Amino acid sequence: MVKKILSNGFAYEKNGSVYFDVRKFMEKHKYGELSGRNIDDLLEGTRDLDGQDEKKNSIDFAIWKAVTPSHIQRWPSPWGEGIPGWHLECSAMGTKYLGKEFDIHGGGMDLKFPHHECEIAQNVGAYGHAPVRYWMHSNMLTVNGEKMSKSKGNSFLPRELFAGGHPLLEKAYSPMSVRFFMLQSHYSSTLDFSNEALGAAEKGYRKLGAALTAIKGLSYTSEANANAELVSDLNRLVEECYKNMSDDFNTAKTLAVLFEMSARINDFKSGNVVIASVDATTFEKFKSTYITFMEDVLGLMEDKSINNDLLDGTINVLVELRKKARTDRNYALSDKIRDDLQAIGVQLKDGKNGEINYTIE
RNA sequence: GGUUCCGUGGCCGAGUGGCUAGGCUGAGCUCUGCAAAAGCUCCUACAGCGGUUCGAAUCCGCUCGGAACCUCCA
């Protein structure tokens, strides 16, 4: 790729290094369009840095860099031993594995300039056209309103978020809760981590997750008195899922729709509204859309952290005892079973027809 | 200094000219033996000051506050 750029006249060699000639490139192509930079401003605003003397212009950048023999990484090249420039690595890898043109390139917005700008210039310089159709730049994360950085000591890793124990974290948050939390905001907005916000997200996710489990257990029976209003409402919700995700991945709006859907699901589950009040096609589409958008589109799976047959069986013994106590109207005993389980983190939920479900904290 | 972006109700966070986003919290109601869960209802905001417009959170200007980038490494 370096050779191609050189032979196209957009680079020059100096002391074993090869630099991209931005001025030359701009005679035929545009540079700085992605980030809206003005090159004259860039030339003025440049600060003094090491190793600039080899460049014709300060905005030029290395696509191949000569290294000293003591450098651990080095490869032979027509210009001597060296390493690829940072930007070039990405252009070369993208082109090799995804082709000379691919659909989406993501990255943090801190990489927009210069890195992605240079990537474009390299591909245009080598192959004559831009490598990427759509650029998606995600915004930065902050913690309690401050930029996350090692020097400030306010950074933590995903696994610390999931495991808890970090001084800034009051507790551990499940991967799904964190995912929900991030999906609540647009990818291009800054997102602020705080215990309060994460805790709220945890509850919100549980609600959607419970509805996911619920609808998987619901199936269509037969149609009775159709409720036209409900039918059009369910169809509307299905459409909105697609509409919102098609609008530059508006996950926050999509989640709002899923919450509306979860209310309808809980109506079906509790029997407040009978499934028979909609037609089979509407119900099946509604069901599959909720499951698809939760699991496949947003990646919000059921939290199967508790999957222990022994524990499950043990709790079910207690559940059966409580059922018996309730039919005997021995509420003192049934309440004790419920309260004692609650105290150790197992919450029983009575259904309408005597069924008892439970969740584990 | 330059460029770009942001400032929304108690908290989080969508929304780009008129139509209540949503979640969390709080209050009330229904259901329930009592709870929990669930459903329903309520709490109607848009940094400040001007301007454009019949009408602005949304457009323009200024002020205040915050963030990112401005090619060392990756």
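Note that the structure is a prediction, hence the values are computed from the model and not measured.
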Verify whether one side chain among A:Thr213 and A:Glu302 offers a donor that lies under 3.5 Å from an acceptor in the other.
yes
What's the closest nucleotide to the side chain of [X] if the choices are [options]?
| X | options | answer |
| --- | --- | --- |
| A:Ala263 | B:rG33, B:rC12, B:rC40 | B:rC40 |
| A:Lys207 | B:rU71, B:rG33, B:rA38 | B:rA38 |
| A:Ala252 | B:rG22, B:rA14, B:rG39 | B:rA14 |
| A:Pro114 | B:rC40, B:rG33, B:rU71 | B:rU71 |

Set of residues satisfying side-chain contact (heavy atoms from CB on, under 4.5 Å) with respect to A:Lys349, sequence neighbours excluded
A:Gln347, A:Thr359
A:Asn244: side-chain contact (heavy atoms from CB on, under 4.5 Å) partners, not counting sequence neighbours
A:Glu240, A:Lys253, A:Thr254, A:Val257
Does the side chain of A:Tyr19 come within less than 4.5 Å of A:Ile63's, by heavy atoms?
no
Check every strand shown and say whether [X] touches a base, only sugar-phosphate, or nothing at a heavy-atom separation below 4.0 Å.
| X | answer |
| --- | --- |
| A:Phe259 | sugar-phosphate |
| A:Glu260 | nothing |
| A:Thr251 | nothing |
| A:Ile83 | sugar-phosphate |

How many Å lie between [atom1] on [X] and [atom2] on [N], as a whole number?
| X | N | atom1 | atom2 | answer |
| --- | --- | --- | --- | --- |
| A:Gln347 | B:rA35 | CD | P | 14 Å |
| A:Lys55 | B:rU71 | NZ | P | 9 Å |
| A:Met261 | B:rG22 | CE | P | 16 Å |

Of A:His87 and A:Ser262, the one whose closest nucleotide on RNA chain B sits nearer the 5' end is A:Ser262
Side-chain-base donor-acceptor pair under 3.5 Å for A:Asn250 and B:rG15
no
When you measure only distances, ignoring hydrogens and angles, does the side chain of A:Arg338 come within 3.5 Å of the base of B:rC34 through a donor and an acceptor?
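Result: at least one qualifying N/O pair found.
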How would you list all residue pairs meeting ring pair (Phe, Tyr, Trp, His ring centres under 6.0 Å) that involve residues 194-225 of chain A, not counting sequence neighbours?
A:Tyr220-A:Phe283
Taking salt bridge (Lys or Arg N to Asp or Glu O under 4.0 Å) as the cut-off, I'd like each qualifying pair that reaches into residues 169-184 of chain A, sequence neighbours left out, listed once.
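Passing the test, one end in residues 169-184 of chain A: A:Lys171-A:Glu202.
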Sort me out a list of protein N/O and nucleotides 25-29 of chain B N/O pairs below 3.5 Å, or just none if empty.
unit_1	atom_1	unit_2	atom_2	d
B:rU25	OP1	A:Lys203	NZ	2.8

For the residue pair A:Phe193 and A:Phe156, does the interplanar ring angle fall in the parallel (under 30°), tilted (30 to 60°) or perpendicular (over 60°) class?
perpendicular
Could you check whether A:Tyr173 and A:Phe162 have their ring centres less than 6.0 Å apart?
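A:Phe162 vs A:Tyr173: aromatic centres not under 6.0 Å.
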N or O in side chain of A:Arg206 less than 4.0 angstrom from B:rA36 OP1/OP2
no
For nucleotides 5-11 of chain B, 5' to 3', base contacts (B), sugar-phosphate-only contacts (S) and non-contacts (-) with protein non-hydrogen atoms under 4.0 Å give ------S
Are the side chain of A:Lys65 and the backbone N or O of A:Gly85 linked by a donor-acceptor pair below 3.5 Å?
no
